[in-house]
Engineer: 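One structure follows; several queries about it will come next.
Each ligand, and each atom within it, is numbered from 1 in the order the structure gives.
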Amino acid sequence: MTASPRTVAVGGELPYQIHIGPGLLAEADLLTRAIRGRHVLLASDDTVAPLYLARVQEALQAARPELKIGQYIIPAGEASKTLDNFGGAINALAALGATRDACVLALGGGVVGDLAGFAAACWMRGVDCVQLPTTLLAMVDSSVGGKTAVDIAQGKNLVGAFHPPRAVIADTSALRTLPVRELRAGLAEVIKYGAIRDPLFFQWLQAERAALLAGDDVALAQAIARSCEHKAEIVERDPLEKGERALLNLGHTFGHAIETAQGYGAPGNDNLNHGEAVAVGMVLAARLSAALGMAPAADTETLRDLLLAYGLPVAIPAGLAPEALLAHMRLDKKNIAGRLRLVLWRGIGKAEVVPDVDEAAVLDV
Ligand code: NAD
Ligand code: ZN
């Protein structure tokens with residue numbers, strides 16, 4: 001059975017739709033609907049481009065021969081989410097002669113989405129961006145909600161902008177070429193939605209593990225749609241992360257610290273990728289919550305068991321000193337006035353921002 005396409009609406013000041021289904025990257029109608037002007041920059045990475053870029057470009061060009069389409073391809077991996085490559089994307093827009101009605105198409109995972117989205121946010125103070133996510137993580141998280149950014153030496157995502165996409169088109173067929181390690185990383189973010197606000201979804205994820213890990217189309221489409229509904233609901237109410245949206249960061253302060261301390265994951269190294277670091281981070285946040293008496297210890301074990309069953313790491317990688325991680329956590333954007341502000345939880349289905357967490361308790365876990 002193949003999944004039929006579905007749509008999730010994201011409301012708010014700049015509403016848009018998330019289309020989810022098989023084969024959507026070749027659907028010219030859907031692709032061109034979001035393009036207003038003549039200039040299109042197709043941004044991608046050197047793993048995804050050989051797989052999917054031609055089909056997108058051909059669909060666009062066949063439907064709209066007048067389009068002027070440029071390409072900007074970065075090396076795959078987090079190490080490419082830099083100010084240099086941001087400049088490269090801007091130069092590509094300039095070389096294309098892009099005007100204010102230009103459209104940037106971000107074809108790839110969260111790295112391409114964040115970088116290309118940021119370039120779209122800045123070119124002529126903001127042009128359209130359509131997200132074409134090709135990793136599970138990008139489909140359920142990074143392509144939705146309008147956060148765009150690049151990394152600098154001091155930390156991840158420290159330079160960026162809020163710039164909602166004009167549309168998100170998630171072609172679930174693209175997941176067939178995704179390495180299973182990347183699929184698992186995306187599933188970590190899917191599990192996060194269950195952990196912070198949906199106990200029934202959490203149970204469904206316990207039951208559907210085999211299907212999801214096997215790449216079952218129908219199960220994956222269901223997981224993506226449910227995750228996008230959650231993200232849409234949250235970003236609609238809190239687009240600029242003044243409150244509730246912060247809950248989406250469960251496990252992320254710990255996770256970002258691991259990513260920064262270790263150096264980022266990339267094809268060819270063993271460093272944790274984003275989803276894996278978040279899996280470890282969620283376990284640490286849950287343990288800390290239990291230690292502070294906020295959550296039942298049994299729930300912490302249930303979450304850990306589920307992540308483990310999905311083949312995700314649940315402990316800090318060997319060789320990383322807790323003190324070094326804490327030092328990175330102190331630099332987190334969410335902190336206010338030098339106090340450690342963390343997303344903790346109350347057990348499966350409920351998370352909460354705690355503004356002033358005791359550093360000694362953090363070191364303990
Ligand atoms: P990624 O973009 O590096 O993709 C992971 C790997 O998979 C890359 O090597 C890529 O080339 C490859 N790949 C992508 N699609 C493929 C496909 N269909 N087939 C085969 N290979 C494929 O990483 P990611 O996990 O997608 O995203 C992580 C990034 O997203 C991080 O930079 C993180 O900060 C960011 N992020 C942003 C937000 C947000 O709200 N903006 C949310 C979560 C994460
Ligand atoms: Zn994340």
Side-chain angles (χ1 to χ4, degrees), residues 25 43-53 55 73-82 85 106-118 121 129 131-151 155-165 168 170-193 196 215 220 227 231 234-235 239 241 245-256 258-260 264-269 271-282 333 343:
L25 283 180
S44 191
D45 73 28
D46 60 5
T47 299
V48 175
L51 293 168
Y52 301 109
L53 192 125
R55 84 177 60 162
I73 316 284
I74 55 173
E78 184 75 31
S80 284
K81 227 173 87 174
T82 59
N85 287 336
L107 174 70
V111 167
V112 169
D114 280 12
L115 178 83
F118 185 40
C129 179
Q131 294 282 346
L132 307 175
T134 61
T135 64
L136 181 60
L137 185 136
M139 292 181 190
V140 300
D141 193 359
S142 60
S143 67
V144 179
K147 277 193 190 177
T148 70
V150 296
D151 306 329
K156 275 187 55 114
N157 300 329
L158 288 183
V159 184
F162 284 100
H163 188 62
V168 179
D171 182 343
T172 50
S173 312
L175 297 175
R176 290 193 198 131
T177 56
L178 191 67
V180 68
R181 188 173 167 193
E182 298 297 340
L183 188 75
R184 290 189 177 125
L187 287 165
E189 300 275 8
V190 173
I191 291 170
K192 181 189 74 182
Y193 292 108
I196 61 172
L220 280 171
S227 300
K231 182 135 189 194
I234 292 180
V235 300
E241 198 170 317
R245 183 166 180 174
L247 300 180
L248 291 171
N249 291 317
L250 179 70
H252 279 62
T253 307
F254 288 103
H256 285 164
I258 293 172
E259 288 180 277
T260 308
Y264 300 119
N269 75 32
N271 295 342
L272 298 193
N273 62 33
H274 177 75
E276 291 168 338
V278 167
V280 176
M282 285 195 286
K333 294 191 289 302
V343 182

Engineer: Heavy-atom contacts with Lys156 under 4.0 Å: which atoms of ligand 1 show up? List them by number with element.
Structural biologist: 31 (C), 32 (O), 33 (C), 34 (O)
Engineer: Please list, chain by chain and in numerical order, all residues satisfying ring-ring contact (aromatic ring centres under 6.0 Å, His included) with Phe118, sequence neighbours excluded.
Structural biologist: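 For Phe118 the ring-ring contact (aromatic ring centres under 6.0 Å, His included) partners, ignoring immediate neighbours, are Phe86.
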Engineer: For ligand 1, is Gly108 a contact, meaning one of its heavy atoms is under 4.0 Å away?
Structural biologist: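 It does not; every heavy atom stays at 4.0 Å or beyond.
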Engineer: Please classify the Lys147 to ligand 1 contact at 4.0 Å (heavy-atom distances, strictly less than): side chain, backbone, both or neither.
Structural biologist: both
Engineer: Does any N or O atom in Glu189 lie less than 3.5 angstrom from one in ligand 1, N or O only?
Structural biologist: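 For ligand 1, there is no N or O atom that lies under 3.5 Å from one belonging to Glu189.
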Engineer: What pairs with Asp141 under salt bridge (Lys or Arg N to Asp or Glu O under 4.0 Å), at least two apart in sequence or on another chain?
Structural biologist: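 Here the qualifying residues are Lys192, Lys231.
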Engineer: Heavy-atom distances under 4.0 Å are what count here, so tell me which part of Pro179 touches ligand 1: side chain, backbone, both or neither.
Structural biologist: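 The answer is the side chain of Pro179.
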Engineer: Side chain, backbone, both or neither: which applies to Leu137 and ligand 1 if a contact is any heavy-atom pair less than 4.0 Å apart?
Structural biologist: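 Side chain only.
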Engineer: Can you list the residues that meet the salt bridge (Lys or Arg N to Asp or Glu O under 4.0 Å) rule with Lys81, with sequence neighbours excluded?
Structural biologist: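 Applying salt bridge (Lys or Arg N to Asp or Glu O under 4.0 Å) to Lys81 gives Glu78, Asp114, Asp151.
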Engineer: Do any N/O atoms on Ala174 end up under 3.5 angstrom from N/O atoms on ligand 1?
Structural biologist: yes
Engineer: What atoms of ligand 1 come closer than 4.0 angstrom to any heavy atom of Ala76?
Structural biologist: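 With Ala76 as reference, the close atoms of ligand 1 come out as 9 (O), 11 (O).
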Engineer: With nothing but distance in play, are any N or O atoms of Lys81 less than 3.5 Å from an N or O of ligand 1?
Structural biologist: yes
Engineer: With no hydrogens and no angle check, just 3.5 Å: does a side-chain donor-acceptor pair link Ser44 and Tyr52?
Structural biologist: no
Engineer: With side chains defined as the heavy atoms from C-beta onward, is the minimum distance between Thr134 and Leu178 less than 4.5 Å?
Structural biologist: no
Engineer: I'd like to check whether Val111 has a polar contact with ligand 1, where a contact means an N/O of the residue lying under 3.5 Å from an N/O of the ligand.
Structural biologist: yes
Engineer: What is the number of protein N, O or S atoms that sit under 2.8 Å away from the Zn ion (ligand 2)?
Structural biologist: 3
Engineer: Checking contacts here: is it the side chain or the backbone of Asn157 that comes within 4.0 Å of ligand 1, counting heavy atoms only? Could be both or neither.
Structural biologist: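 Only the side chain of Asn157 comes within reach of ligand 1.
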Engineer: Testing His274, Met282, Met139 one by one against Glu189 for a side-chain contact (heavy atoms from CB on, under 4.5 Å), which residue passes?
Structural biologist: His274
Engineer: What part of Asp114 sits under 4.0 Å from ligand 1 if we count only heavy atoms: the side chain, the backbone, both or neither?
Structural biologist: side chain
Engineer: Could you tell me whether Asp45 approaches ligand 1 through its side chain, its backbone, both or neither, with non-hydrogen atoms closer than 4.0 Å?
Structural biologist: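 Only the side chain of Asp45 comes within reach of ligand 1.
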Engineer: My understanding is that we take every heavy atom of each candidate and find the minimum distance to atom 40 (O) of ligand 1. Doing that for Arg181, Arg176, Lys231, Gln131, which one comes out nearest?
Structural biologist: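 Looking at heavy atoms only, Lys231 sits closest to atom 40 (O) of ligand 1.
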Engineer: Just to be sure I'm reading this right: ignoring hydrogens, which of Ala277, Gly110, Pro133 gets closest to atom 24 (P) of ligand 1? Compare them by their nearest heavy atoms.
Structural biologist: Gly110
